[in-house]
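Quick one: the structure is below, questions incoming.
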Amino acid sequence: MNQLPQRSSTALKEWAVAVEAMARGDQIIILRKGGIHRDDKEFRIVHPEFLFYPTYEHQKSELIKPTYNSLLEEMVDVVPDNGIVEFKYWAYVTDKFELRDEDELERIKDNHLWTKEYASFRFNWRPSQPLTVALLRVYRLEYPAFVPLIPDFAGCKSWVDLSNDIELGRLIPAMTDSEYEEVAKYVREALARSVTYND
């Protein structure tokens, strides 16, 4: 992406601990299957750039690698209870893959925080559908944005329309270009036999 945007009004829901791991440069991928935005309930990257909407309901210590338990504890300590959603990070997609062979998932096991068992569970849920793997460039907003929680944000959906634009200000990259490309190159080569796609 040659020029970064100044504002955004779309958010993707993701576990808060995974968002923080990406913001720290520990990983650049998300693993998704499902995510209700279409009648067939398949997940697709329908928005190539988005804010991160951190979620807290489903993340558990037994679902992530032990090295991330302290980070998860940090996330538990900051769970919002005041009817406000805080947006701190924005990202855009550089690559998308559809995995239909679980061996492909095994090849990137060191590139994400989820346990092997939980990653396998995600892969095998709704087995007729492929697992979406997306590579993301993540940025920190210059200033966090705070948005009142409304009923439209609730539910098991991946994408949230914020209605109003959020000013992004100066976007601070989680990784340098060279750091990102080094990790992305490894994942691309590991998934070279997978289907890449564009929506």
Side-chain angles (χ1 to χ4, degrees), residues 1-6 8 10-33 35 43-54 59 63-72 74-75 87-120 122-123 130-142 144 158 168-199:
M1 179 172 288
N2 295 327
Q3 186 171 357
L4 299 176
Q6 297 180 332
S8 179
T10 301
L12 177 70
K13 287 186 174 182
E14 182 56 89
W15 290 9
V17 65
V19 173
E20 285 296 326
M22 287 184 277
R24 297 181 183 198
D26 289 349
Q27 73 179 57
I28 66 169
I29 70 174
I30 56 173
L31 309 176
R32 302 299 283 262
K33 186 181 282 194
F43 178 81
R44 288 291 183 271
I45 303 290
V46 293
H47 303 286
E49 56 186 61
F50 45 82
L51 293 152
F52 271 120
Y53 185 127
Q59 53 185 20
L63 304 180
I64 63 174
K65 295 169 183 172
T67 51
Y68 288 96
N69 283 343
S70 60
L71 181 57
L72 178 61
E74 290 179 33
M75 297 297 96
F87 294 95
K88 297 192 294 183
Y89 306 112
W90 176 89
Y92 72 87
V93 178
T94 66
D95 304 78
K96 296 169 287 186
F97 303 90
E98 288 186 344
L99 273 60
R100 296 184 180 275
D101 183 343
E102 197 166 352
D103 288 342
E104 297 170 321
L105 184 59
E106 178 70 11
R107 290 198 288 271
I108 58 170
K109 65 182 179 181
D110 295 329
N111 297 96
H112 60 76
L113 57 73
W114 294 283
T115 64
K116 178 180 179 179
E117 293 75 19
Y118 184 65
S120 178
R122 281 195 172 189
F123 180 88
L131 180 75
T132 297
V133 176
L135 278 57
L136 309 178
R137 285 299 312 259
V138 176
Y139 295 78
R140 180 187 295 270
L141 275 62
E142 184 173 9
S158 291
L168 303 177
R170 183 172 63 92
L171 290 167
I172 304 158
M175 307 171 74
T176 65
D177 290 347
S178 59
E179 288 171 338
Y180 182 83
E181 282 304 316
E182 181 179 356
V183 180
K185 181 176 182 290
Y186 175 87
V187 177
R188 289 170 188 142
E189 291 176 352
L191 302 181
R193 289 181 292 175
S194 304
V195 175
T196 58
Y197 71 92
N198 295 299
D199 283 314

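If you read the sequence from its start, that first residue is 1, and numbering goes on from there. All values reported here derive from a predicted model rather than from experimental measurement.
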task: Could you pull out the closest heavy-atom pair between Ala91 and Leu136, with the gap in Å?
output: CB-CB, 4.3 Å
- request: Report the residues that fulfil ring pair (Phe, Tyr, Trp, His ring centres under 6.0 Å) with Phe87, sequence neighbours left out, ordered by chain and then residue number.
  value: Tyr53
query: So, for Leu131 and Phe123, which heavy atoms are closest and what is the spacing to 0.1 Å?
result: CB-CD1, 4.0 Å
- line: On a heavy-atom basis, the closest approach of Ala23 and Ala174 is O-CB, 3.4 Å
- prompt: Side chains of Glu49 and Ser8: donor-acceptor distance under 3.5 Å anywhere?
  reply: no
- request: Would you please test Met175 and Val183 for side chain to side chain contact (heavy atoms under 4.5 Å, CB included) and show each step?
  value: CA-CA 10 Å; Met175 307 171 74; Val183 180; 3.9 Å; yes
message: Within the 4.5 Å heavy-atom criterion, are Gln27 and His112 side-chain neighbours or not?
response: yes
- request: Compare all side-chain heavy atoms of Leu105 with those of Arg122 and state whether any distance is below 4.5 angstrom.
  value: no
- request: Look at Arg188 together with Glu181 and state whether they make a salt bridge at an N to O cut-off of under 4.0 Å.
  value: yes
Point-to-point distance, once rounded to the nearest 0.5 Å, from CD1 of Ile30 to OG1 of Thr132: 8.5 Å
- request: Mind checking ring pair (Phe, Tyr, Trp, His ring centres under 6.0 Å) for Tyr68 and listing every partner two or more places apart, or none if nothing turns up?
  value: none
task: Please step through side chain to side chain contact (heavy atoms under 4.5 Å, CB included) for the pair Tyr180 and Leu135, ending with a clear verdict.
output: CA-CA 10 Å; Tyr180 182 83; Leu135 278 57; 3.5 Å; yes
statement: Note: Leu113 and Val17 closest approach over all heavy atoms is CD2-O, 3.7 Å
- prompt: Can you tell me how far CZ of Phe52 sits from CG of Leu12, rounded to the nearest 0.5 angstrom?
  reply: 6.0 Å
- request: To the nearest 0.5 angstrom, please state how far the CG atom of Leu99 sits from the CD atom of Glu106.
  value: 12.0 Å
- request: Report yes if the side chains of Glu104 and Phe97 come closer than 4.5 Å at any heavy-atom pair, otherwise no.
  value: no
field: Ile28 and Val138, any side-chain heavy atoms less than 4.5 Å apart
entry: no
message: To the nearest 0.5 Å, what is the distance between CD on Gln6 and CG on Leu171?
response: 10.0 Å
Side chain to side chain contact (heavy atoms under 4.5 Å, CB included) between Tyr139 and Leu168, worked out: CA-CA 10 Å; Tyr139 295 78; Leu168 303 177; over 6 Å; no
query: Minimum heavy-atom separation for Lys13 to Arg32, with atom names?
result: O-NH1, 2.9 Å
Side-chain heavy atoms of Tyr92 within contact of Leu4, under 4.5 Å: yes
- prompt: Residues two or more places apart in sequence or in another chain: which of them pass salt bridge (Lys or Arg N to Asp or Glu O under 4.0 Å) with Lys88?
  reply: Glu20
field: Close side-chain approach of Glu182 and Tyr186, heavy atoms under 4.5 Å
entry: no
message: Counting C-beta onward and ignoring hydrogens, is there a side-chain heavy-atom pair between Ile64 and Leu71 closer than 4.5 Å?
response: no
query: Closest heavy-atom contact between Leu141 and Trp90?
result: CD1-N, 3.7 Å
task: Before accepting this row, confirm whether a basic side-chain N of the pair Asp95/Lys185 lies closer than 4.0 Å to the acidic partner's carboxylate O.
output: no
